[in-house]
Every structure is written in C-alpha cells, then in structure tokens.
Amino acid sequence: MKEQFLKQYNYLFEDELLQEINKVGILKTVSEGDMLMDIGQELMAMPLLINGAIKILREDENGNELILYFIEQGDTCAMTINCCMGQVKSKIRAVAEVDTQLIMVPIKKMGEWMSKYQTWQHFILQSYHDRMMEMFETIDSIAFLKMDERLIKFLRDKAKVNHNDIINTTHLDIANDLHTSRVVISRLLKKLENSNKIELQRNYIKVLDL
DNA sequence: ACATTAAGTGATT
DNA sequence: AATCACTTAATGT
C-alpha cells in the first residue's frame, strides 16, 4: 500500500529513513472537497503528499476565504514545520483539491529526524523555502492589486494540479478563493475568453493558452 | 412548467 | 475593483 510512496521518495531519503516513515506513517486517502485541517485545529501529524493536490486557504473574520497556494505530490505543508518550533495551532485551512493520498507522520518524529537524517533536514528546509516563495508570489499579486493576473495565475495553478486543462468550477467558487466578487471574476473571464485564452461554459472553463 | 442556480451586463461608487 | 439591480441561460424536479 505504500509502494507508491517508497518509489516516489526513494531518491530523496535514505533506506533507513524510508523504513522509519513506513513504520510510523499512516496512509490516508481523502476525496475532493474534504477538509484535512482547519484554522485553530491542533497539528498532530505532518502530511507527505503521494499524489493529488491540496488547497491551502486563509480566512478572515467574516469567513471569507483566500487561497494561499496549492501543494502537490512531493510537497509538505509548511504549517506543520512551524508547529515544531512552538506553534501548535494551525493558522490555515487545508482542503483537498482532488482525490489525494498522503502519508501522515507524527510530528514528534520531526525533530528527531532533523538531527538524525540530513536528507530529511534538507527536505524540510527545501519545502519551507518553496512554500515561502509561493507565498511571496501570492502576496505580490495581492499587494499590487492586479486581479486579472491573480486570476490567470489561479487558472494556471488549478489546471496544473488537476492535470487537466478543463476546470470544473463556478465563477462564484473562484471569487471565493481569490476573495473577490463573482461579478469581477465573470468579467475578467469574459475578457480572457474574448482574447481566446480560455473557453467558457456553465461549470466549465477550458484553458487554451495561458 | 416551474424553481433554482450560474453567468452576463449596465450603471454607480 | 466592489456593489447593486436586473436579465438571460442552463439545469434539476
């Protein structure tokens, strides 16, 4: 059941570490739309993605969401890395973007492995760095208030994590993810359609050229 | 046929 | 870019 995992992380970790993960890790399968982690919830384990994709969101006081980034196979959540340095409660919400398989590793192993395996340490630092870079990207796009560019980036990312140029979603859903209104999204999408970048139908967006 | 939900549009701030 | 008000179109019962 964990063959896929072993195959995928084979080149990243040494055998000894792989075996430890295999021993303490729990295989978890989630389906599209499932919430893996909510804001304020305590982090008990750290996820290692085998396949699929997870959407990482932030929420404001009114319950409006804002997407931070997606994580894919080979990625892990930066939030869990934080928690080992004191923070215990999650500041983010994680929702499965597609059906996803992951390995849950108890967080207490984190620190132990950090000093024991240099491949692990490298992996953690690398992921932390990657996630931070992605956050900078989204911060940039928000700060400079270019909704059209944010939307394009969102569609690109979404098509990528779904491994499909056809995105089945509504304008309203997108608006919620990007923390804006549906009307704005509809208009921008219309513009993109007119310049032949996408194709629009009900509950359907086909990415042609982004 | 009717109700519901998704999407398009003009006008205003 | 956000909001309102309204229309049109697609879909479910």
Looking at A/R131 and A/E134, is any side-chain nitrogen of the basic one under 4.0 Å from a carboxylate oxygen of the acidic one?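 Yes, charged N to carboxylate O under 4.0 Å.
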What I want to find out is whether A/R93 reaches A/D38 closely enough, with some N-O distance under 4.0 Å, to be called a salt bridge.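 Between A/D38 and A/R93 there is a salt bridge, with a charged N closer than 4.0 Å to a carboxylate O.
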A/F13 ring center within less than 6.0 Å of A/F123 ring center: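 That pair passes the under 6.0 Å test.
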Name the one of A/Q8, A/Q101, A/E72, A/Q73 that satisfies side-chain hydrogen bond (donor to acceptor under 3.5 Å, both in side chains) with A/N51?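 Of the listed options, the one satisfying the test is A/Q101.
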Expected rows: protein N/O vs nucleotides 7-13 of chain B N/O, under 3.5 Å:
| residue | atom | partner | partner atom | Å |
| --- | --- | --- | --- | --- |
| B/dA7 | OP1 | A/N203 | N | 3.2 |
| B/dA7 | OP2 | A/H171 | N | 2.8 |
| B/dA7 | N7 | A/R182 | NH1 | 3.3 |
| B/dG8 | N7 | A/R182 | NH2 | 2.5 |
| B/dG10 | N7 | A/R187 | NH2 | 2.4 |
| B/dG10 | O6 | A/R187 | NH2 | 2.8 |

Heavy-atom check, side chain of A/E199 versus side chain of A/Y204, under 4.5 Å: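 The answer is yes; the side chains approach within 4.5 Å.
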